[in-house]
There are 2 protein chains.
Amino acid sequence: MTKTPPSPEAVAAWARLMRVSRQLVEKTEDALKAEGLPPLGWYDVLHELAESGEEGLRPFELVDRVLLAQYSVSRLLARLEADGLVEKLPVSDDGRGQTVRITPSGRETRRRLWAVYGKAISELMGDKLSAKELEMLAGLLGRLRDPPIME
Amino acid sequence: MTKTPPSPEAVAAWARLMRVSRQLVEKTEDALKAEGLPPLGWYDVLHELAESGEEGLRPFELVDRVLLAQYSVSRLLARLEADGLVEKLPVSDDGRGQTVRITPSGRETRRRLWAVYGKAISELMGDKLSAKELEMLAGLLGRLRDPPIME
DNA sequence: TCTATATAAATGCAAATGCATTGAATGGAG
DNA sequence: CTCCATTCAATGCATTTGCATTTATATAGA
């Protein structure tokens, strides 16, 4: 248990991290909205589902991957389903569960989201730092992760 | 206008940044909740008001500083006022505006928030990286800021 | 001065979120 | 087999957010 107050360096890095991450998200969301596209959260889910292929994923697997609360995923999937971007299939060996699979329309939406999202990443990160610096940044952030990544 | 897709390094750094920043916020919010304290956003506002001293700040000045929407600040201030943590004073030379000042109770709440918040920063940032690394992290993040900081 | 435009702050309404709980099904202990 | 604790997913309700608009005042222009 840490008793001493945080070092000035820690506070400065924290403040930067908080401010920058919010700025980046906000700008990206703005870019998506400007194109009439759904929010960032939709991309994450569609991405995971696209990666998982035809088998799809169980909602609880999605919860682990996208770092959202169970009820958030439940409702997000309901919206995605209402929009025809995913479909829910009963799963044979577990009557409680379902498998969620991305639809062709979902893949198309993901593609369009990526066109904007990827561009935002290029402009907001890729263009600002060199490859070496980006790796260094990722490395430092990895050490803050839970669990930490020691490269 | 960037046409090419983002580099793998940029995507990796972006993903880390998004994930880590959300984890850190979530853990900090959890710690505050566990102590029965209000959310992080309250700290930011109370902090700015504490810094501004007895003169207080106009709501629109707060909007610039805390990176929130105008209506968010308006409502947050209403809650802070309802809790007696700030007070709103009419401002003589502009009938539209008001000046918001932190109350003694607000200073006390800020202090209690900081006890938990500062501890979180120590544990989640300060303890994970050296001072040199923290400075490097802040430096890299500064280049992503808008406007960028070139140290 | 009178009018138009701009700025400060609040608010109505719809949508999203957080929290706790529920319904449904499973799996293990006895 | 029966019962109970556990897991998967959805939902009711209160709070918060986002968006657009409103109210009120201030400032600039004709």
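In the text below, chain A, chain B and the rest are named by the order of the sequence lines, each starting its count at 1.
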SB check B:K27 A:D146 (cutoff 4.0 Å): yes
Lys/Arg-Asp/Glu bridge criterion (N-O < 4.0 Å) met for A:E48, A:R101: no
Nearest whole Å is fine: how far is [N] [atom2] from [X] [atom1]?
X: A:L32; N: D:dC19; atom1: CG; atom2: P; answer: 12 Å
X: B:L80; N: C:dA9; atom1: CG; atom2: C1'; answer: 16 Å
X: B:R79; N: C:dA10; atom1: CZ; atom2: P; answer: 13 Å
X: A:R22; N: D:dT17; atom1: CZ; atom2: C1'; answer: 14 Å
X: B:L76; N: D:dG18; atom1: CG; atom2: C1'; answer: 15 Å

Heavy-atom protein contacts under 4.0 Å, nucleotides 8-15 of chain D, coded B base, S sugar-phosphate only, - none: SBBBBB--
Any A:K33 side-chain nitrogen or oxygen under 4.0 Å from OP1 or OP2 of D:dC19: yes
Within-4.5 Å side-chain heavy-atom neighbours: A:I149 and B:R16: yes
Given DNA chain C, 5'-ward residue of the pair A:D93 and A:A69, judged by closest heavy atom: A:A69
ring-ring contact (aromatic ring centres under 6.0 Å, His included) contacts touching residues 46-76 of chain A (sequence neighbours left out): A:Y43-A:H47
Within 6.0 angstrom of A:M18 CE, more than 12 heavy atoms from elsewhere: yes
Any residue meeting salt bridge (charged side-chain N to carboxylate O under 4.0 Å, His left out) with B:R145, in chain and number order, not counting sequence neighbours: none
